[in-house]
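The figures here come from the full heavy-atom set of this structure, side chains too, leaving out hydrogens, waters and symmetry mates. Quick caveat, the model's predicted, so the values are computed rather than measured.
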Amino acid sequence: MSALQNGLDKILNNFRSSGWNDWVDILIVAVAVYALIGLVRRTRAGQLARGATLILAVYALAFYFNLRTLTWILNNVLQVGFLALVVVFQPELRRALEQLGRTDVWMASLFRTHRDDSTVRARWQTATVAICDAAEQLSDTRTGALIVLERNSNLSEIIRTGTPLNGDVNREMLGTIFYEGTPLHDGAVVVRDGMLKAAGCVLPLSNNLEIGKDMGTRHRAALGMSENSDAVIVVVSEETGIVSLAKNGVMIRRLDRQSLFNLLQEDVVPPEQPQEQKRPFWNRRKANEEE
């Protein structure tokens, strides 16, 4: 009883002597652990994590009951366990770091200077109309298409896998690229800042086992691209003509032209800035002084 009382006293003393920085420290660790658990549960790493937890539990029992042979074996396994986890969880770790970079809004605003240009906004508006027109036309003719719209994540690696174009986005160009028999019709088109950057690009395939059997390689590539970046991907099925949109690892299917246009306007076209924010800092200061 006295040992329990001493333990409770130590805990209470620690609480009394803790400052605000200790609570901030605990909060940060708790949020990080919660995010890590959520990440593991949403990916294929869940089963692997349970296996690693089981090994640690067996190691603790072996150490407690003094099972020397088993403890020695697990000791040697755990010495290389960290490197093994890095190798096994490499796709999940990469995806987590990319998501962390995308959620850092203030850092993204420092590097995303070109997104707020009114010229880029106008190009995106024109491009979204052309993409919707092309998707509708390709759907009617049941011509497969895969269009990647770059947002904050840099897709230079994907662009390098295709053929550079650097042209305007229009319905005729997209229809020619995806016309069956042309050299680039099997790959993806990448659109950056409202401009057609490359065609015939190779995308990473998703490992999601819950993809429907009616969705083929194009849909798996679209999901894989949306899982590894914040890009928005438009897919036209060659078999059914169904128009779909993939973003954040989710596939939105059976879109008509208006629904696709609304989604692209919301996700891709930069918001229009107020006139006051468009002015340079020194002009804004001068205008305020005159008022």
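- Val148 and Val202 sit in two unconnected hydrophobic clusters of ILVMFWY residues. Membership requires side-chain heavy atoms under 4.5 Å apart, directly or through other members.
- Note on Leu203: it does not cluster hydrophobically with Leu245, by side-chain heavy-atom contacts below 4.5 Å among ILVMFWY residues.
- Remark: the backbone N or O of Ala134 is not paired with any side-chain donor or acceptor of Arg171 at under 3.5 angstrom.
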Checklist entry - So Met215 and Arg253, side chain to side chain contact (heavy atoms under 4.5 Å, CB included) or not? Walk me through it. => result CA-CA 10 Å; Met215 292 190 288; Arg253 305 200 65 199; 3.7 Å; yes
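- Separating the CG atom in Asn248 from the CG atom in Leu223 is a distance of 11.0 Å, to the nearest 0.5 Å.
- Smallest separation of non-hydrogen atoms from Lys197 and Ile159: CB-CD1, 4.1 Å.
- For the pair Gly241 and Val236, the tightest heavy-atom approach, listed with the atom from each and the gap, is O-CG1, 4.4 Å.
- Put simply, CD on Gln125 and CZ on Phe261 are 7.5 Å apart, with the number rounded to the nearest 0.5 Å.
- Judged by distance alone, the side chain of Glu150 and the main-chain N or O of Leu155 form a donor-acceptor pair under 3.5 Å.
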Checklist entry - Does the pair Asn66 and Thr71 meet the rule for a side chain to side chain contact (heavy atoms under 4.5 Å, CB included), with working shown? => result CA-CA 8 Å; Asn66 197 24; Thr71 303; over 6 Å; no
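- From Glu172, atom CD reaches atom CD1 of Ile177 across 11.5 Å, with rounding to the nearest 0.5 Å.
- Under 3.5 Å, the side chains of Asn262 and Ser259 contain no donor-acceptor pair of N or O atoms.
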Item to check | Derivation and outcome, side chain to side chain contact (heavy atoms under 4.5 Å, CB included), residues Asp267 and Lys247 | outcome: CA-CA 9 Å; Asp267 294 327; Lys247 64 175 182 177; 2.8 Å; yes
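- Using modelled atom types, one finds no donor on one side chain facing an acceptor on the other under 3.5 Å when comparing Thr143 with Glu180.
- With a 4.5 Å cut-off on side-chain heavy atoms, Val250 and Ser226 do not count as touching.
- Taking CD of Glu238 as the start and CG of Leu138 as the end, the distance is 11.0 Å to the nearest 0.5 Å.
- Taking all atoms of both residues into account, the shortest heavy-atom contact from Gly194 to Ala127 is O-CB, 4.0 Å.
- Residues Ile252 and Ser244 have side chains not in contact (no heavy-atom distance under 4.5 Å, counting atoms from C-beta outward).
- You'll find the side chain of Ile131 reaches within 4.5 Å of the side chain of Leu149, heavy atoms only.
- Nearest heavy-atom pair, Leu70 versus Ala62, reported as atom, atom and distance to 0.1 Å: CD2-CB, 3.8 Å.
- Side-chain contact between Ile147 and Phe178 is present, with heavy atoms from C-beta onward closer than 4.5 Å.
- Residues Val235 and Leu263 do not share a hydrophobic cluster, clusters being chains of Ile/Leu/Val/Met/Phe/Trp/Tyr side chains in contact below 4.5 Å.
- Taking CG of Leu196 as the start and CG of Leu174 as the end, the distance is 6.0 Å to the nearest 0.5 Å.
- Residue Cys201 comes nearest to Gly162 through the heavy atom pair SG-CA, 3.8 Å, listed as atom of the first residue, atom of the second, then distance.
- Between the side chain of Thr128 and the backbone N or O of Gln265, no donor-acceptor pair lies under 3.5 Å.
- Checking Ser156 against Arg192 by side-chain atom types alone, a donor-acceptor pair falls below 3.5 Å.
- Val269 has its side chain within reach of Arg121: a pair of non-hydrogen atoms, C-beta onward, lies under 4.5 Å apart.
- Under the 4.5 Å side-chain heavy-atom criterion for ILVMFWY residues, a single connected hydrophobic cluster contains both Val191 and Met173.
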Checklist entry - Yes or no on side chain to side chain contact (heavy atoms under 4.5 Å, CB included) for Leu74 and Val58, after CA distance, side-chain angles and deciding distance? => result CA-CA 9 Å; Leu74 292 177; Val58 172; 3.9 Å; yes
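- Comment: Arg257 engages Asp133 in a salt bridge, judged by a side-chain N to carboxylate O separation of less than 4.0 angstrom.
- At a threshold of 4.5 Å between side-chain heavy atoms, the hydrophobic network of Ile, Leu, Val, Met, Phe, Trp and Tyr places Ile233 and Met251 in two separate groups.
- Considering CG of Leu205 and CG of Asn207, their distance stands at 8.0 Å, rounded to 0.5 Å.
- Between Arg142 and Glu239 there is no salt bridge, since no side-chain N of the basic residue sits under 4.0 Å from a carboxylate O of the acidic one.
- Side-chain contact between Leu260 and Val234: present, with at least one pair of heavy atoms (C-beta onward) separated by less than 4.5 Å.
- Using a cut-off of 4.0 Å between Lys/Arg side-chain N and Asp/Glu carboxylate O, Arg123 and Asp193 are scored as not salt-bridged.
- Put simply, the side chain of Val169 does not reach to within 4.5 Å of the side chain of Met195, judged on heavy atoms.
- Side-chain contact between Ser237 and Arg218 is absent, with no heavy-atom pair separated by less than 4.5 Å.
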